[in-house]
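Read the numbers this way: they start at 1 and go in the same order the structure lists the ligands and their atoms. Every value quoted in this text rests on a predicted model; they were computed, and no experiment measured them.
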Amino acid sequence: MAYQTLIVEIEDYVALIRLNRPDALNALNSQLLGELGDALKAADENEKVRCIVITGSEKAFAAGADIKEMSEKTFVEMFWSDFFGQEQDAITRTRKPVIAAVAGYALGGGCELAMMCDFIICADNAKFGQPEINLGVVAGIGGTQRLTRFVGKSKSMDMHLTGRFMDAAEAERSGLVSRVVPVAKLIPEATAAARKIAEKSSLTAMVVKEAVNRSYETTLREGILFERRIFHALFSTEDQKEGMSAFLEKREPQFRDK
Ligand code: CO8
């Protein structure tokens with residue numbers, strides 16, 4: 001499918017989705033978020049894709065929701081359109097693992113989009129922030145909730161109330177990102193991580209994602225019960241037999257997603 005605000009490449013079972021609105025630092029408008037939802041759904045349904053990477057440019061992952069698109073809207077218009085609600089749901093419904101590869105600005109909705117992914121690898125020039133307060137608004141696609149879970153209340157309050165940016169070193173120290181790499185190595189590192197995931201059983205990877213995400217949604221006791229049940233359930237798969245046989249036979253497993 002041809003997109004106007006995205007560039008999608010598929011290679012070695014990895015879909016690399018680049019946000020592509022360079023004139024607006026990849027600001028997220030309805031078209032871009034709509035196309036991103038479509039691209040993620042297509043990747044989820046494509047058997048040639050086993051892991052997805054979302055990235056932007058070296059200057060900006062995304063500098064937030066498109067302020068030009070929003071500035072004149074009324075509460076009633078935002079309410080009836082459920083502004084970005086459905087787009088957000090489409091992104092978080094993706095079942096295959098999604099890595100955010102962040103260079104440059106990830107601000108407002110850009111930071112929120114990165115946090116909707118399963119983990120974030122960032123470049124050493126990355127800058128994260130929730131500066132919506134400077135515009136007289138609050139984060140609107142998960143920032144107050146997700147950033148708080150990533151970095152804790154104190155730092156999240158600091159970011160949301162002062163609107164300051166967090167650099168890559170602080171983001172790694174605070175647990176917002178899993179790794180920091182030189183900007184020139186960002187895409188090779190993120191796609192290598194994606195290819196590593198693509199070598200696993202896709203079925204197992206999707207279940208792992210469900211289990212980790214469950215920790216956000218439920219109590220510890222229920223989450224552990226969920227984990228144990230799916231651990232038991234995976235013994236019904238051919239990939240469990242293959243993975244364990246391969247270990248015992250000292251060879252590489254050949255997973256078939258069954
Ligand atoms: N929206 C629209 N256009 C933008 C945005 C944006 N968020 N960010 C940058 N641009 C545009 C600029 O207007 C400029 O366009 P033009 O050349 O036509 O004037 C171009 O991108 C380049 O930007 P700058 O000249 O400003 O570049 P600088 O390098 O000087 O500065 C910054 C880079 C610091 C990133 C600066 O552009 C900036 O502060 N941008 C806005 C950051 C921001 O406030 N983001 C939060 C937006 S609100 C939000 O994300 C809410 C999310 C929830 C919405 C969900 C609704 C339910």
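Protein heavy atoms all stay at least 4.0 Å away from atom 19 (O) of ligand 1. For atom 38 (C) of ligand 1, the nearest protein heavy atom lies 4.0 Å away or farther. For atom 26 (O) of ligand 1, the protein comes within 4.0 Å by no heavy atom at all.
In this structure, E45 places its CD atom where more than 12 heavy-atom neighbours from other residues, nucleotides or ligands lie under 6.0 Å away. For R164, the CZ atom is densely surrounded, since the number of other residues' heavy atoms within 6.0 Å is greater than 12. Heavy atoms from other residues, nucleotides or ligands lying under 6.0 Å from NZ of K96 number more than 12.
Using a 4.0 Å cut-off between heavy atoms, F83 contacts ligand 1 through both its backbone and its side chain.
Using a 4.0 Å cut-off to heavy atoms of K59, the atoms of ligand 1 that qualify are 29 (O). Near G109, meaning under 4.0 Å from any of its heavy atoms, are these atoms of ligand 1: 49 (C), 50 (O), 52 (C). For ligand 1 and E132, the ligand atoms under 4.0 Å from any heavy atom of the residue are 48 (S), 49 (C), 50 (O), 51 (C), 52 (C).
Of all the listed residues (L28, D23, I67), I67 holds the heavy atom that lies closest to atom 2 (C) of ligand 1. The heavy atom nearest to atom 44 (O) of ligand 1, out of those in L135, N26, L107, is found in L135. Comparing heavy-atom distances from atom 42 (C) of ligand 1 across A63, G64, A139, G85 singles out A63 as nearest.
Note: no N/O pair closer than 3.5 Å links E112 and ligand 1 by distance alone. For A27, no nitrogen or oxygen atom sits less than 3.5 Å from a nitrogen or oxygen atom of ligand 1, counting backbone and side chain alike.
I54 has its side chain within reach of F61: a pair of non-hydrogen atoms, C-beta onward, lies under 4.5 Å apart.
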